[in-house]
**Student:** 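Below is a structure I'd like to ask you about.
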There are 2 protein chains.
Amino acid sequence: MTARKGRSVTEPRAHVETAPPEAVRQGSADPGPAGERPRPGRAARPEPRRETKGDRTRARILDSATELFSRSGFHAVSLRDIAAHAGLTHAGLLHHFPGKESLLIQVLARRDEVDGRLMAGPDARATPEELLDRAVAQVARNMRSPGLVALYVKISGEAADPEHPAHDYFVHRYRRLRRDATWLLGELFRRADPPVPHDPAVAARELIALVDGLQTQWLLEPEEVDMREVVLAFLAQLGVHPANPGFATPDRTPPGAP
Amino acid sequence: MTARKGRSVTEPRAHVETAPPEAVRQGSADPGPAGERPRPGRAARPEPRRETKGDRTRARILDSATELFSRSGFHAVSLRDIAAHAGLTHAGLLHHFPGKESLLIQVLARRDEVDGRLMAGPDARATPEELLDRAVAQVARNMRSPGLVALYVKISGEAADPEHPAHDYFVHRYRRLRRDATWLLGELFRRADPPVPHDPAVAARELIALVDGLQTQWLLEPEEVDMREVVLAFLAQLGVHPANPGFATPDRTPPGAP
DNA sequence: TGGAAAACTAACCACGTGGTAGGTTCCGTC
DNA sequence: GACGGAACCTACCACGTGGTTAGTTTTCCA
């Protein structure tokens with residue numbers, strides 16, 4: 001509802017054009033992208049570009065944004081809040097990121113990249129049971145990373161508003177989750193003895209919804225909800241079993257200590 | 001993070017002291033509270049107080065606040081937005097409600113009152129199966145009232161922030177839901193033949209989480225999620241059966257048409 | 001009908017917000 | 001060490017926000 005007139009937020013900042021933060025960030029541990037130039041006299045062997053002060057600052061900003069968005073959502077957090085938390089001014093922050101919305105998108109993209117996904121699609125290196133294991137382990141890990149839980153809980157609710165900057169991100173995220181979970185549960189149902197007579201598409205929606213809903217409750221009262229226990233109970237009711245549920249031992253940390 | 005200095009928001013508005021909006025609202029269809037005075041010459045029989053212009057305005061404000069909070073959450077909606085939507089100025093709105101936070105609390109309280117609760121506790125007039133029926137019917141009804149779904153989805157996420165005005169409201173709401181659902185499922189498990197060997201406390205957390213999580217997905221892509229179907233599938237997996245699932249026929253309305 | 005109270009507005013306040021522009025300082029490379 | 005670009009700051013901008021105050025209009029009731 002706070003529609004700012006005048007300046008378009010889609011205009012790139014001219015002085016970041018040559019090294020967009022996205023590209024730098026993605027390639028920080030890899031050969032540099034467009035900025036890399038072979039040394040004279042050497043074969044064109046790419047060299048790791050050294051991490052710059054700007055890289056470190058951008059990482060700090062993303063950390064701060066992640067933490068504050070996780071705590072209070074997108075709209076209740078200002079650029080000045082994030083900048084102060086990261087140890088610079090809000091104008092300095094805007095040197096690195098073109099605007100608040102793209103900062104959020106990068107926080108989300110980074111989160112996906114760093115923490116993996118709740119649900120994995122076909123993987124030749126793991127059985128479906130092992131993949132289920134990983135999903136359960138991720139749930140348990142979430143209980144040790146309240147920040148991750150809070151970020152998705154906070155932003156996914158807001159993002160149901162079609163005008164929210166992360167709306168499309170979440171629409172696609174849920175599509176992917178449903179697709180992957182449907183495949184995984186379909187495999188597990190078929191391999192069970194006797195085969196499980198449930199519709200994997202419906203069960204996938206159940207599982208995703210269950211995990212999401214548990215996270216909301218857990219954030220409000222962590223001592224009242226053992227997410228792993230509930231997810232394992234649900235899977236048992238479905239008639240599917242992780243390969244090694246013992247691995248997914250929780251080490252519960254209360255929220256507020258991200 | 002937007003901490004406004006100076007004025008305390010807890011000070012009541014002096015000119016609303018004699019008829020606090022809460023009291024008036026609660027008693028609008030009942031005998032008036034403190035403001036009621038027996039007619040001279042009559043026994044002290046309470047008479048319905050006539051609905052005033054203010055009552056109607058307050059209702060309009062609450063309608064508008066409900067709609068806008070449902071669409072965009074608490075922080076992204078201003079008092080001026082709500083006031084304009086209700087057809088008055090923001091200062092006029094503040095004549096009726098002491099501040100933005102208490103407005104939100106009243107929106108939530110009203111919503112509980114008008115739409116009932118997802119889960120009901122012991123009721124001598126209904127069997128547990130019938131109570132389950134009602135819960136399923138409520139889920140189906142939610143699909144016809146996107147505003148209700150959106151309100152809770154939007155605000156519950158935000159409210160996980162301990163500083164959010166509705167934080168306590170949701171802590172208590174979930175406690176009540178868990179208590180009631182645990183009782184109901186316990187009864188259903190015991191009455192089943194053979195008795196269902198699941199822990200009703202765990203199953204209660206599953207059910208509540210499932211419904212919450214489904215609502216988030218549904219808001220993002222309503223055509224991809226049939227909440228009623230998924231809830232019925234879940235209950236079937238649990239081994240419990242509503243008395244008459246046929247009653248809970250959905251009439252799906254896409255969100256955006258509250 | 002008159003008067004008091006309720007309802008409502010316009011104007012004001014202090015502050016916060018995302019973003020811009022110009023200048024200074026720092027960093028990285030040769 | 002010199003130089004150019006990156007990093008960062010200060011100051012500014014227009015606008016929005018919740019809330020206050022004084023005045024006006026409307027409603028309600030005796």
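Reminder, nothing fancy here: chain letters follow the sequence lines and each chain counts from 1.
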**Student:** Kindly indicate whether a cation-pi arrangement holds for B/R173 with B/Y152, taking the cut-offs as under 6.0 Å to the six-membered ring centre and within 45° of the axis.
**Tutor:**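 Yes, a cation-pi geometry holds between B/R173 and B/Y152.
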**Student:** Is the A/F69 ring parallel, tilted or perpendicular to the A/F74 ring (thresholds 30°, 60°)?
**Tutor:**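 Judged by the thresholds at 30° and 60°, the geometry between A/F69 and A/F74 is tilted.
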**Student:** Could you pick out which residue, B/G54 or B/H90, lies toward the 5' side of DNA chain D when each is mapped onto its nearest nucleotide?
**Tutor:**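 Nearer the 5' end of the strand: B/H90.
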**Student:** Using whole Å, what does the distance between atom P of nucleotide C/dA7 and atom CD of B/E51 come to?
**Tutor:**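 Taking atom P of C/dA7 as the reference, CD of B/E51 is at 12 Å.
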**Student:** Any side-chain N or O of A/S78 less than 4.0 Å from the OP1 or OP2 oxygen of C/dT17?
**Tutor:**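 Checking C/dT17 against A/S78, a side-chain N or O does come within under 4.0 Å of OP1 or OP2.
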**Student:** Quick one: is A/T89 getting a side-chain N or O under 4.0 Å of the D/dT10 phosphate, OP1 or OP2?
**Tutor:**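 False: A/T89 side-chain N/O out of range (4.0 Å or more) of D/dT10 OP1/OP2.
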**Student:** Write down the distance between CD1 (B/I61) and C1' (C/dT9), rounded to a whole number of angstrom.
**Tutor:**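 After rounding, the reported distance stands at 14 Å.
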**Student:** Shortest non-hydrogen contact from B/V149 to B/M227?
**Tutor:**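 Here B/V149 and B/M227 meet closest at CG2-CE, 4.5 Å.
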**Student:** Atom NE2 of B/H95 to atom C1' of D/dA22: distance rounded to whole Å?
**Tutor:**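 Checked: the NE2 to C1' distance equals 15 Å.
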**Student:** So, does A/K53 get its side chain near the phosphate of D/dA7, meaning an N or O under 4.0 Å from OP1 or OP2?
**Tutor:**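 Looking at the OP1 and OP2 atoms of D/dA7, neither is under 4.0 Å from any side-chain N or O of A/K53.
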**Student:** Give me the atom names and distance for the closest heavy-atom approach of A/S64 to A/H85.
**Tutor:**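 The pair with the smallest heavy-atom distance is OG-ND1, 2.8 Å.
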**Student:** Looking at every non-hydrogen atom in both residues, tell me the closest pair between A/I208 and A/A181 and how far apart they are.
**Tutor:**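 Looks like CD1-CB, 4.1 Å.
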**Student:** Tell me the interatomic distance from B/L79, atom CG, to C/dA10, atom P, rounded to whole angstroms.
**Tutor:**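 After rounding, the reported distance stands at 17 Å.
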**Student:** State, to 0.1 Å, how close B/T66 and B/L62 come at their nearest heavy-atom pair, and which atoms those are.
**Tutor:**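 Shortest heavy-atom separation between B/T66 and B/L62 comes out as OG1-O, 2.7 Å.
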**Student:** If the condition is side chain to side chain contact (heavy atoms under 4.5 Å, CB included), which residues does B/A160 pass it with, not counting sequence neighbours?
**Tutor:**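 B/A160 satisfies side chain to side chain contact (heavy atoms under 4.5 Å, CB included) with A/K154, A/L219 only.
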**Student:** Let me know the distance between CG of B/L94 and C1' of C/dA6, rounded to the nearest Å.
**Tutor:**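 The answer, rounded to whole Å, is 16 Å.
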**Student:** Using five base pairs at each end, measure the axis-to-axis angle across the helix from C/dT1-D/dA30 to C/dC30-D/dG1 and round it to 10 degrees.
**Tutor:**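 Computed from the C1' atoms at both ends, the axes differ by 20°.
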**Student:** Could you tell me the separation between the CG atom of B/L88 and the P atom of D/dT26, rounded to a whole number of Å?
**Tutor:**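 Spelled out: CG on B/L88 to P on D/dT26 is 15 Å.
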**Student:** C/dG18 base to A/R80 side chain: any donor-acceptor pair below 3.5 Å?
**Tutor:**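 Donor-acceptor pair under 3.5 Å: yes.
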**Student:** Could you tell me the separation between the CG atom of A/D55 and the C1' atom of C/dG28, rounded to a whole number of Å?
**Tutor:**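 After rounding, the reported distance stands at 12 Å.
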**Student:** Between B/H96 (NE2) and D/dT26 (P), how many Å, whole number?
**Tutor:**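 Those two atoms, NE2 and P, are 15 Å apart.
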